[in-house]
Protein chains: 4
Amino acid sequence: MKSTTHRGNRHGRSEEARQAVLEAADDLLAERGFAGVTIEGIAARAGVAKQTIYRWWPSKVDVLLEAFTEDMAEHLTPQDTGDLGTDIRAHLATLAEFLTTSDPGAVFRALTGQAQHDPQLAARLRDDHLSHQRDRDRLPLQRAIERGELPAGLDVETALDHLVGPIYYRVLVTGAPVPRTFTDDLAAAFLHRHQHQ
Amino acid sequence: MKSTTHRGNRHGRSEEARQAVLEAADDLLAERGFAGVTIEGIAARAGVAKQTIYRWWPSKVDVLLEAFTEDMAEHLTPQDTGDLGTDIRAHLATLAEFLTTSDPGAVFRALTGQAQHDPQLAARLRDDHLSHQRDRDRLPLQRAIERGELPAGLDVETALDHLVGPIYYRVLVTGAPVPRTFTDDLAAAFLHRHQHQ
Amino acid sequence: MKSTTHRGNRHGRSEEARQAVLEAADDLLAERGFAGVTIEGIAARAGVAKQTIYRWWPSKVDVLLEAFTEDMAEHLTPQDTGDLGTDIRAHLATLAEFLTTSDPGAVFRALTGQAQHDPQLAARLRDDHLSHQRDRDRLPLQRAIERGELPAGLDVETALDHLVGPIYYRVLVTGAPVPRTFTDDLAAAFLHRHQHQ
Amino acid sequence: MKSTTHRGNRHGRSEEARQAVLEAADDLLAERGFAGVTIEGIAARAGVAKQTIYRWWPSKVDVLLEAFTEDMAEHLTPQDTGDLGTDIRAHLATLAEFLTTSDPGAVFRALTGQAQHDPQLAARLRDDHLSHQRDRDRLPLQRAIERGELPAGLDVETALDHLVGPIYYRVLVTGAPVPRTFTDDLAAAFLHRHQHQ
DNA sequence: TGTTAAACGAGACGGTACGTCGAGTCTTGGA
DNA sequence: TCCAAGACTCGACGTACCGTCTCGTTTAACA
């Protein structure tokens with residue numbers, strides 16, 4: 001029945017199988033949508049036994065979560081040009097691009113959708129992923145505060161919600177496009193309100 | 001309350017069955033979450049045959065949509081005090097309350113979640129429900145423009161996104177609470193940028 | 001005068017599906033042995049859903065039991081020549097032939113084998129099938145008693161065990177062939193001990 | 001100067017593991033029936049790795065066979081009182097007792113059941129085990145022949161089938177009890193037919 | 001007396017089949 | 001014509017074992 005190389009044993013799992021599963025899940029999501037991602041489908045496409053998936057992931061969303069984890073950070077770490085306006089305009093545009101057009105952005109939308117039905121997933125999504133993204137989102141503002149471009153007493157959390165909230169809203173609710181003009185305008189509103197001078 | 005016209009059926013559609021189905025779906029969503037809502041479960045609880053559900057609704061989300069429709073408008077129609085600040089502060093607070101605590105708010109979150117997996121549902125949700133809500137959201141701004149409180153050239157759509165986007169973001173993504181201070185601050189940011197003097 | 005509400009199966013089960021299942025099970029047993037008979041295999045070969053099998057039969061042995069039922073009686077009803085020796089010699093030879101060479105004989109051996117692992121199956125096999133065969137086995141002796149060829153006080157059950165037991169023993173345990181000489185000798189031993197004169 | 005050839009195993013197999021496996025298999029059969037005997041279950045209960053079982057036994061029936069081997073001979077070796085009637089009455093009663101009530105009797109029934117599905121097992125069961133039992137069963141008759149109690153030309157094999165067949169038949173097929181009266185009657189029938197005077 | 005090769009426990013792996021759930025379709029008989 | 005009932009095919013679920021394949025860890029015969 002099989003003659004492939006076995007990598008897993010008591011001292012560790014098969015990295016080969018792990019990667020195959022994550023890629024298969026990603027591919028299926030892209031090709032057939034969330035409902036098209038099934039454990040059986042992942043197993044078949046990855047050339048892996050169902051039990052191997054169940055051994056390491058409690059459910060299909062956990063597979064997607066793990067597949068997602070590896071992609072997010074690299075895409076969405078803001079640059080540091082030394083100018084607040086430049087930094088946040090660039091970062092918001094990158095965020096919009098990520099959410100609307102990238103493959104991991106699609107995974108994010110699917111997971112966020114599923115999180116509406118599943119509070120445990122919602123919590124894990126926030127704790128393991130979104131909080132780190134918030135940390136990255138915060139960087140330009142913190143650097144501007146250190147440079148004196150923004151007041152030290154700024155409520156950074158609320159400011160972040162104002163900056164990125166409308167982008168997520170368009171992506172998740174209205175489905176409207178999120179062009180550069182929209183993200184630039186968000187940045188402008190923020191700067192108009194908070195920036196010294 | 002029927003939305004379809006009756007033909008000359010001998011008996012017509014059973015209003016009794018229709019109501020039983022809608023209530024069963026609502027109850028199941030509240031008790032067991034979205035995954036606990038199944039056609040078989042609705043049928044069993046409503047004392048109705050599966051075929052009767054399939055005859056009138058294409059899928060379980062359509063049942064929820066119909067159950068949802070009747071609740072939204074009454075909750076979220078903004079008042080008109082003649083003062084822009086008062087109106088939008090009140091409306092944003094009401095919206096936050098609706099989304100976070102009400103039963104139809106829970107249905108909204110579930111449907112929006114499912115819409116991330118299902119573009120057709122997303123489109124129907126927008127066309128049949130969210131667009132009407134956007135119309136209501138727009139009213140305070142339009143009245144202020146007519147009164148001269150806001151400039152005639154204001155980009156109302158973008159302004160609305162800035163106003164309500166952060167609320168939806170907290171509800172759907174971060175799960176953070178949406179207190180009155182948050183909604184008032186949103187209103188303040190908007191007024192600071194756009195209001196004449 | 002109609003009865004009041006009738007709640008039950010309005011449609012009845014599919015005779016077509018039933019026959020297909022029974023035939024598929026029989027074929028699989030013949031082709032691949034007992035271990036080759038699986039619910040999935042039956043379903044696939046019969047062109048039937050697994051659920052349909054589970055709806056009507058608790059397990060694969062029940063399918064085989066039902067398939068078996070229809071075959072046994074016709075093969076093993078003893079003749080009545082009016083002479084005890086002739087009757088039992090013929091009947092024992094027929095029984096040996098049935099058990100060792102016929103298709104339903106193979107099903108019998110498989111079911112009897114499985115019954116060693118499953119007391120419930122053993123009970124059902126006895127109650128639904130073997131008891132009827134015992135009734136048929138008993139006929140020649142009873143007729144001989146009525147004719148006066150055998151004493152009225154004969155312990156028929158024990159006599160039957162002596163007559164057929166060695167045949168089953170060879171079939172199920174030693175695997176030795178059961179030639180006509182063997183069955184004739186069984187009959188001779190019986191007649192030598194019990195027959196008048 | 002020793003030969004430099006070194007063959008094989010320096011360590012030898014673990015008798016401890018072997019015993020643990022055999023006992024675990026026996027226990028599982030007694031507690032949960034044949035279907036409850038699995039390689040994984042044996043390994044877990046014996047505190048042994050699956051591979052250790054596969055190294056020494058081709059299948060679970062081989063484990064049971066080996067467990068069975070050690071028990072049969074001691075239970076079923078007939079005594080020698082010098083009187084045929086006494087010997088076979090005692091032996092048949094002991095055989096019935098063994099088959100119906102003892103633990104190794106249960107193993108025998110399970111293996112015989114499985115042998116109906118597996119011709120290779122059937123052959124091994126006969127060659128390795130049943131033939132030796134037949135040898136023991138034959139002893140009382142052979143001694144009687146030597147003593148002149150039975151005719152020298154007696155067909156011993158057929159006589160044995162007549163003697164023990166009905167006992168196995170009750171055990172494996174009808175499930176009827178096998179009381180002392182039944183075994184004594186079997187002995188009586190045999191003696192009536194064959195014994196000199 | 002240290003080397004070394006087997007047997008060992010542990011357990012991950014690709015698989016098959018299990019028995020269950022729900023989806024969506026179809027047919028019947030009663031109202 | 002609508003409806004309750006429910007049998008049907010289909011696909012996926014999550015579980016239990018199968019038999020194979022490494023891993024390090026004993027351990028006893030040999031060097």
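In what follows, chains carry the letters A, B, and so on, assigned in the order in which the sequence lines appear, proteins first and then strands, with residues in each chain numbered from 1. Reckoned from all heavy atoms, side chains included, excluding hydrogens, waters and symmetry mates.
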Using the ring of each side chain (for Trp, its six-membered ring), is A/F68 parallel, tilted or perpendicular to A/H129, with breaks at 30° and 60°? tilted
With a cut-off of 6.0 Å (strictly less than), are more than 12 heavy atoms of other residues, nucleotides or ligands near CD of D/Q120? no
Using atom CD of C/E16 as one end and atom P of E/dC26 as the other, report the distance to the nearest whole Å. 16 Å
Distance test, side-chain N/O of C/W56 to OP1/OP2 of F/dG6, below 4.0 Å: no
May I have the distance from B/D62 (atom CG) to E/dA23 (atom P), rounded to whole angstrom? 14 Å
Would you mind checking if D/R18 and D/E23 are paired as a salt bridge, meaning a charged N to carboxylate O distance below 4.0 Å? no
Which donor-acceptor pairs under 3.5 Å do the side chains of residues 48-58 of chain A make with protein atoms, sequence neighbours left out?
unit_1: A/K50; atom_1: NZ; unit_2: A/E40; atom_2: OE2; d: 2.8
unit_1: A/W57; atom_1: NE1; unit_2: A/E66; atom_2: OE1; d: 2.7

Please give, in whole Å, the distance from E/dC21 P to B/R32 CZ? 12 Å
Please work out which residues in residues 40-55 of chain A have a non-hydrogen atom less than 4.0 Å from an atom of DNA chain E and list them by number. A/G47, A/V48, A/A49, A/Q51, A/T52, A/R55
Can a side chain N or O of A/W57 be found less than 4.0 Å away from OP1 or OP2 on F/dG14? no
C/E16 CD: over 12 foreign heavy atoms closer than 6.0 Å: no
Where the side chain of B/A17 is defined as all heavy atoms beyond and including C-beta, which of E/dG22, F/dA4, F/dA12 is the nearest nucleotide? F/dA4
Is the shortest side-chain N to carboxylate O distance from D/R32 to D/D27 below 4.0 Å? no
Give the rounded distance in Å between these two atoms: CD of D/E15 and P of E/dC8. 11 Å
C/I39 has its side chain closest, among E/dC18, E/dA7, F/dG19, to E/dC18
